[in-house]
There are 2 protein chains.
Amino acid sequence: MTWWAWSRGSVGRLVAKERGVKRPTIADIARRAGVSKGAVSYALNGQPGVSEATRQRIIAIAQEIGFNPNSAARALSGATANAVGLALCRPARILGIEPFFMELISGVEGELSARSYALTLQVVADPDAEIAVYRRWWGERRVDGVFVCDLRVDDRRVPVLEELQLPAVVIGGPGHTGTLASVWADDAAALVETMEYLVALGHRRIARVGGLPGLLHTEIRGKAFVEAGERLGLEQSLTVPSDYTGEEGARATRRLLGAAGRPTAIIYDNDVMAIAGLAVAQEMGLAVPGDLSIVAWDDSALCQLTHPPLTALGRDIPAYGAHAARQLLAAIEGREIGAYQDETAHLTPRGSTAAPSPA
Amino acid sequence: MTWWAWSRGSVGRLVAKERGVKRPTIADIARRAGVSKGAVSYALNGQPGVSEATRQRIIAIAQEIGFNPNSAARALSGATANAVGLALCRPARILGIEPFFMELISGVEGELSARSYALTLQVVADPDAEIAVYRRWWGERRVDGVFVCDLRVDDRRVPVLEELQLPAVVIGGPGHTGTLASVWADDAAALVETMEYLVALGHRRIARVGGLPGLLHTEIRGKAFVEAGERLGLEQSLTVPSDYTGEEGARATRRLLGAAGRPTAIIYDNDVMAIAGLAVAQEMGLAVPGDLSIVAWDDSALCQLTHPPLTALGRDIPAYGAHAARQLLAAIEGREIGAYQDETAHLTPRGSTAAPSPA
DNA sequence: CTGAAAGCGCTTACAG
DNA sequence: CTGAAAGCGCTTACAG
């Protein structure tokens with residue numbers, strides 16, 4: 001066993017060679033067209049150097065025999081892998097339940113597949129493993145660029161990617177992205193809008209169940225919550241940290257509702273925690289929205305499955321992913337790109353919010 | 001513009017070349033170790049042909065300079081891409097909300113990353129696009145094998161993969177997998193167990209909200225439901241087809257509950273529809289489980305977020321993915337593999353099922 | 001046990 | 001406008 005895990009390569013290789021069906025190459029096309037391999041390459045890539053008649057003949061043959069360029073050979077001569085990478089550092093149970101990532105991936109895919117770029121996915125256990133994956137991908141030339149999710153304050157991944165000069169787009173911000181490109185949305189503004197909405201309904205004691213501490217957007221929301229709470233003169237504006245899971249969301253809710261002077265409204269940092277909070281409130285005999293108003297961040301279809309349906313802060317996540325992909329492809333092409341501000345999440349009032357009942 | 005979309009390649013390539021940081025190659029290692037490139041290759045791959053002392057020296061140098069083998073070069077000489085593919089053919093909104101796929105991917109990843117295999121993901125619009133992706137991947141030698149999800153009756157993808165001799169593992173069955181390897185679970189048995197449980201509670205009118213028609217497991221469950229219904233002598237056993245979305249699940253539920261002689265229990269083909277069904281029942285003023293018992297297939301964390309929590313049919317989906325990955329890696333190595341039967345889903349009774357209240 | 005060389009399938013200067 | 005050739009970074013027979 002060697003120190004990296006490719007010792008079995010030879011087995012698969014031999015077998016693949018024996019078993020493989022013959023794939024057409026540019027040599028096959030060249031032979032049939034009576035030209036050189038170089039000419040075939042120029043023709044198929046839309047480069048000058050072949051007459052239009054020859055080009056058409058070559059393209060026709062390529063289509064006829066179902067030619068696809070060997071991606072390894074292209075990568076080896078050209079230095080682009082035609083693939084980008086996404087490393088996700090969250091436990092499986094959270095990945096599964098949060099619609100965010102799959103929606104993001106759907107949007108990313110739309111842009112990538114239009115350009116025949118592949119998406120290479122890797123689930124990692126912790127930030128160190130994620131950094132190791134970036135170094136390996138870079139060394140292997142396996143990807144031309146990467147998406148960076150779950151940006152943290154002073155994120156250690158940023159300087160590594162800068163050092164490697166691996167094109168990258170940070171999904172998150174603003175700030176703490178170093179010289180990397182990014183797409184971000186103004187969470188602070190969305191949170192303030194939500195709080196003003198609740199205050200207008202008559203709420204004076206508003207709580208927040210936050211996401212994972214240390215994530216930049218958690219910190220940004222936390223800061224905005226405190227500041228807006230003071231500005232709006234709330235009696236109470238308490239944040240309880242959580243971790244996006246239903247269990248923790250339920251626990252945080254119990255803590256908030258069990259205390260004296262309980263809040264009349266809670267804002268949750270994701271939809272899963274909000275749904276868990278709703279169940280807790282109902283369990284405790286509190287009416288939603290009569291006794292407690294609930295707002296969920298991330299307006300996925302889940303929010304409309306509950307009774308009552310949840311008022312939520314939503315935006316188009318597939319579009320967010322598409323923007324990130326477009327940024328990354330531009331970075332790979334070497335174009336100058338910076339921070340792209342995506343739409344701010346907007347509030348969709350549903351049945352889970354109302355004026356607080358007089359105490 | 002050419003007929004496939006790689007016309008811009010040259011731009012990225014040039015830029016990458018100018019910008020790229022120098023990556024170490026086996027030539028660098030050979031120079032520093034004073035041996036040939038061939039010797040370096042043998043040493044790093046654990047092949048015979050170098051003395052143990054030389055091997056250790058080479059490995060030490062490789063580690064020191066942070067060497068990673070260029071995956072394109074390996075693929076080009078060895079014919080294995082060290083990557084496998086997963087094409088998903090479902091609309092984004094369903095992909096996002098169903099925990100199944102992300103959990104499956106998590107499990108697959110665990111096996112793959114231990115062997116430094118990459119997972120290439122592609123979201124496709126329809127079965128034709130999916131088949132085109134397989135043909136392209138094969139032609140590009142981009143992947144060494146693929147996972148096939150959402151198996152259909154007489155699935156058109158099966159003969160294509162057989163023709164290409166592309167190693168594949170079907171996630172689903174039994175049957176309709178042609179000569180391809182597969183992992184499957186006995187859904188019929190799980191459904192029968194559930195029905196017997198409901199009958200034991202006293203239910204005589206049981207309905208089912210089914211998944212997408214045409215999917216093999218939908219058909220298998222449908223057949224088992226009818227047969228068991230007859231065997232158990234139910235007064236009523238009606239299946240309403242649906243599509244896994246909350247909206248359709250809600251509509252199907254309204255239809256079932258609005259009719260005369262409404263069922264006292266409903267089994268849903270996924271958790272999302274079950275949650276939607278619960279909300280509909282509550283909206284209509286029916287008590288769950290008093291007036292209506294609800295069972296969800298796919299016991300994700302979502303099922304414990306509702307009030308009451310849902311009785312569900314669950315199994316370890318990450319493990320299912322891990323088994324599929326192990327099968328696929330074996331197929332790539334050329335080992336003979338067939339159908340692997342995974343654990344049968346088991347029922348976890350929670351608050352959403354009880355004896356029906358006397359009418 | 002080790003070295004020199006061919007080859008994987010492309011792309012791209014460089015000659016004609 | 002076209003052809004012949006070098007090169008990308010590996011792996012692997014084939015000689016010594």
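Predicted model only: the values in this text are computed from it and were never measured. Excluded from the calculations below are hydrogen atoms, water molecules and symmetry mates; all remaining heavy atoms, backbone and side chain alike, are included.
For A/H176, there are no ring-ring contact (aromatic ring centres under 6.0 Å, His included) partners two or more places apart in sequence or in a different chain. Residues that satisfy the side chain to side chain contact (heavy atoms under 4.5 Å, CB included) test with B/T120, not counting sequence neighbours, are A/A118, A/T120, B/A83, B/W137, B/V143. With sequence neighbours left out, B/C89 forms a side chain to side chain contact (heavy atoms under 4.5 Å, CB included) with B/V124, B/P127, B/E130. Shown here are the side chain to side chain contact (heavy atoms under 4.5 Å, CB included) partners of A/E52, two or more places apart in sequence or in another chain: A/R55, A/Q56. In terms of the side chain to side chain donor-acceptor pair (under 3.5 Å) criterion, residue partners of B/S51 (sequence neighbours excluded) are, by chain and number, B/T54. Remark: B/R135 engages B/I131, B/V160, B/E163, B/L164 in a side chain to side chain contact (heavy atoms under 4.5 Å, CB included) (not counting sequence neighbours).
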Below 3.5 Å between N/O atoms, which protein atoms pair up with nucleotides 1-5 of chain D? Just atom names and distances, please.
from: D/dT2; atom 1: OP2; to: A/S51; atom 2: N; distance (Å): 2.8
from: D/dG3; atom 1: OP2; to: A/S36; atom 2: N; distance (Å): 3.3

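Following rounding to the nearest Å, B/I26 (CD1) and D/dT11 (P) show an atom-to-atom distance of 6 Å. In this entry the distance linking CD of A/E140 with C1' of D/dT11 reads 16 Å, nearest Å. Between the P atom of D/dG9 and the CG atom of B/N70 lies a distance of 7 Å, rounded to the nearest Å. Atom pair B/R141:CZ and C/dG7:P shows a separation of 17 Å (rounding to whole Å applied). A/D28 has its CG atom 11 Å from the C1' atom of C/dG9, to the nearest Å. Between B/W138 atom CH2 and C/dG9 atom C1' the separation is 14 Å, expressed in whole Å. Atom pair A/N82:CG and C/dT11:P shows a separation of 10 Å (rounding to whole Å applied). The distance from atom CG of A/L76 to atom P of C/dT11 is 11 Å, rounded to the nearest whole Å.
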For DNA chain D, produce a single dot-bracket line, 5' to 3'. Pairs: Watson-Crick or G-U wobble, both distances under 3.5 Å. Symbols: ( ) within strand, [ ] crossing, | other strand, . unpaired.
|||.||||||||.|||
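Pairs engaging residues 117-128 of chain B under the salt bridge (charged side-chain N to carboxylate O under 4.0 Å, His left out) rule: B/D128-B/R156 [sequence neighbours left out].
Side chain of B/N45, nearest nucleotide from C/dT11, C/dG9, D/dT11: D/dT11. Considering only side-chain atoms of A/S77, the nucleotide from C/dT11, C/dC8, D/dC10 that sits closest is C/dT11.
Between A/R74 and the phosphate of C/dG9, there is no side-chain N or O to OP1/OP2 separation shorter than 4.0 Å.
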I would like to know whether A/S113 and B/V123 meet side chain to side chain contact (heavy atoms under 4.5 Å, CB included); could you show each step before the answer?
CA-CA 8 Å; A/S113 61; B/V123 178; over 6 Å; no
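Side-chain atoms of B/N70 and A/E140, non-hydrogen and from C-beta on, never get closer than 4.5 Å to each other.
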